[in-house]
Amino acid sequence: MQQYTEDELVEQLRDPARQRDAFARVVNLYGEKLYWQIRKMVLSHDDANDLLQNTFLKAWTNIDYFRGEAKLSTWLYKIAINECITFLNRQRNMNNVSIDDTDVFLLERLKGDEYFDGDEAQLKLQNAILTLPEKQRLVFTMKYFDEMKYEDMSDILGTSVGALKASYHHAVKKVEEFLTKDI
């Protein structure tokens, strides 16, 4: 299969005759990366799959509005993260959880997820991450797990690089404190 640059894909997405094939390439190119970003936010495989489909559906229905001011990948990440935040807020409402509380309902879902094959240490790490405020959790997972550059995070989240670095630093401290408090 031929490799295309992001600019070439965007050009093809703008061409009605090539749009469908180009979008299929976009799904192939970004599907796995987006799945794992979503999965880190919602923890459940089934929820992540649903949200990934929602992300691509929203991207497809809004493709004509993509102006190319940001990278295509940045635009897709923004859609995915917004889908996750909407989903998590709905889940919090259903579970009567305040946005300031730990999202323990996610940990319970993770424990029951047949696709989760982690050990106690991984569960403890996920629990530590769930104690973080939503924005810190997002920054932590993007930096720690995906090794995403602060500049890319800044484009996606619309936050300054300095604020993201501070947020990550605070998140790391909180996770370390959580993981070492019983030792």
Side-chain angles (χ1 to χ4, degrees), residues 13 23-24 26-66 70-118 122-150 152-159 163-164 167-168 170-172 174-175 178:
L13 287 168
F23 195 77
V26 167
V27 170
N28 283 333
L29 186 62
Y30 296 108
E32 189 173 348
K33 290 175 189 169
L34 288 171
Y35 168 83
W36 285 109
Q37 177 60 48
I38 294 166
R39 177 87 185 261
K40 287 175 198 118
M41 290 181 72
V42 300
L43 303 183
S44 159
H45 166 73
D46 290 337
D47 292 338
N49 251 354
D50 291 346
L51 289 167
L52 180 64
Q53 287 180 14
N54 291 353
T55 298
F56 282 126
L57 185 62
K58 195 163 271 185
W60 174 251
T61 57
N62 290 292
I63 199 69
D64 293 334
Y65 299 108
F66 177 70
K71 293 191 313 191
L72 181 63
S73 57
T74 300
W75 184 65
L76 291 169
Y77 267 92
K78 278 184 180 181
I79 294 170
I81 288 167
N82 286 334
E83 286 294 305
C84 289
I85 290 169
T86 301
F87 170 81
L88 290 171
N89 286 337
R90 255 195 324 264
Q91 293 297 307
R92 286 184 192 109
N93 285 340
M94 285 174 33
N95 290 286
N96 291 319
V97 175
S98 157
I99 195 164
D100 299 322
D101 292 336
T102 303
D103 288 333
V104 288
F105 67 91
L106 288 176
L107 194 62
E108 293 307 313
R109 288 176 102 161
L110 180 64
K111 288 177 185 174
D113 190 336
E114 65 182 280
Y115 295 98
F116 179 71
D117 60 359
Q122 287 174 309
L123 269 177
K124 191 168 183 178
L125 175 61
Q126 289 301 329
N127 199 9
I129 294 168
L130 287 175
T131 65
L132 299 172
E134 190 169 84
K135 183 83 172 232
Q136 278 184 7
R137 185 186 324 163
L138 188 55
V139 171
F140 181 84
T141 58
M142 292 171 110
K143 185 70 179 159
Y144 182 80
F145 292 113
D146 298 335
E147 299 176 357
M148 190 178 285
K149 293 181 178 122
Y150 287 112
D152 293 339
M153 275 193 264
S154 177
D155 291 342
I156 293 166
L157 301 174
T159 305
L164 291 168
S167 189
Y168 181 71
H170 292 301
V172 168
K174 288 177 185 175
V175 168
F178 184 93

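For the single chain, residues carry numbers from 1 onward in sequence order. A quick note: this is a predicted structure, and the numbers were derived from the prediction, not measured.
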Roughly how far apart are Leu76 CG and Tyr30 OH, rounded to 0.5 Å? 7.0 Å
Taking it one step at a time, do Asp47 and Gln91 satisfy side chain to side chain contact (heavy atoms under 4.5 Å, CB included)? CA-CA 11 Å; Asp47 292 338; Gln91 293 297 307; 5.6 Å; no
Answer whether the closest heavy-atom distance between the side chains of Asn82 and Thr55 falls below 4.5 Å. no
At what distance, to the nearest 0.5 angstrom, does NZ of Lys78 lie from CD1 of Ile156? 8.5 Å
Smallest separation among heavy atoms of Tyr150 and Leu164, with atom names: O-CD1, 3.6 Å
dist Arg39:CZ -> Asp46:CG (nearest 0.5 Å) comes out at 9.0 Å
Student check: side-chain heavy atoms of Trp60 and Val27 closer than 4.5 Å: no
Pairwise distance CE(Met153) to OG1(Thr74) - rounded to 0.5 angstrom: 12.0 Å
Below 4.5 Å, heavy atoms only, C-beta onward: do His170 and Pro133 meet side chain to side chain? no
Smallest separation among heavy atoms of Cys84 and Val42, with atom names: SG-CG1, 4.3 Å
Measuring only between side-chain heavy atoms, which start at C-beta, is Leu72 closer than 4.5 Å to Leu13? yes
Is it true that, when you exclude Lys135 itself, more than 12 heavy atoms of the residues, nucleotides or ligands shown sit nearer than 6.0 Å to its NZ? yes
Nearest-0.5 Å distance, CZ of residue Phe66 to NZ of residue Lys71: 10.5 Å
Check: Tyr77 and Leu157 side chains under 4.5 Å, non-hydrogen atoms: no
Correct closest heavy-atom pair for Leu34 and Ala80 would be CD2-CB, 4.0 Å
Kindly indicate whether the side chain of Lys124, heavy atoms from C-beta on, has any atom under 4.5 Å from the side chain of Phe178. yes
Which heavy-atom pair separates Gln136 from Ser167 by the least distance, and what is that distance? CG-OG, 3.3 Å
Rounded at 0.5 Å granularity, tell me how far CD1 in Ile81 sits from CD in Glu134. 10.0 Å
Any Ile38 side-chain heavy atom under 4.5 Å of Glu83 side chain: no
Which atom pairs, one a donor and one an acceptor, fall under 3.5 Å between side chains of residues 141-149 and the rest of the protein, sequence neighbours left out?
| unit_1 | atom_1 | unit_2 | atom_2 | d |
| --- | --- | --- | --- | --- |
| Thr141 | OG1 | Arg137 | O | 3.2 |
| Thr141 | OG1 | Leu138 | O | 3.0 |
| Lys143 | NZ | Met148 | O | 3.4 |
| Asp146 | OD1 | Lys40 | NZ | 2.5 |

Heavy-atom pair with the smallest gap, counting every atom of Val175 and Ala128: CG1-CB, 4.1 Å
Of the non-hydrogen atoms in Ser154 and Thr159, which two are nearest, and what is the gap between them? OG-O, 2.6 Å
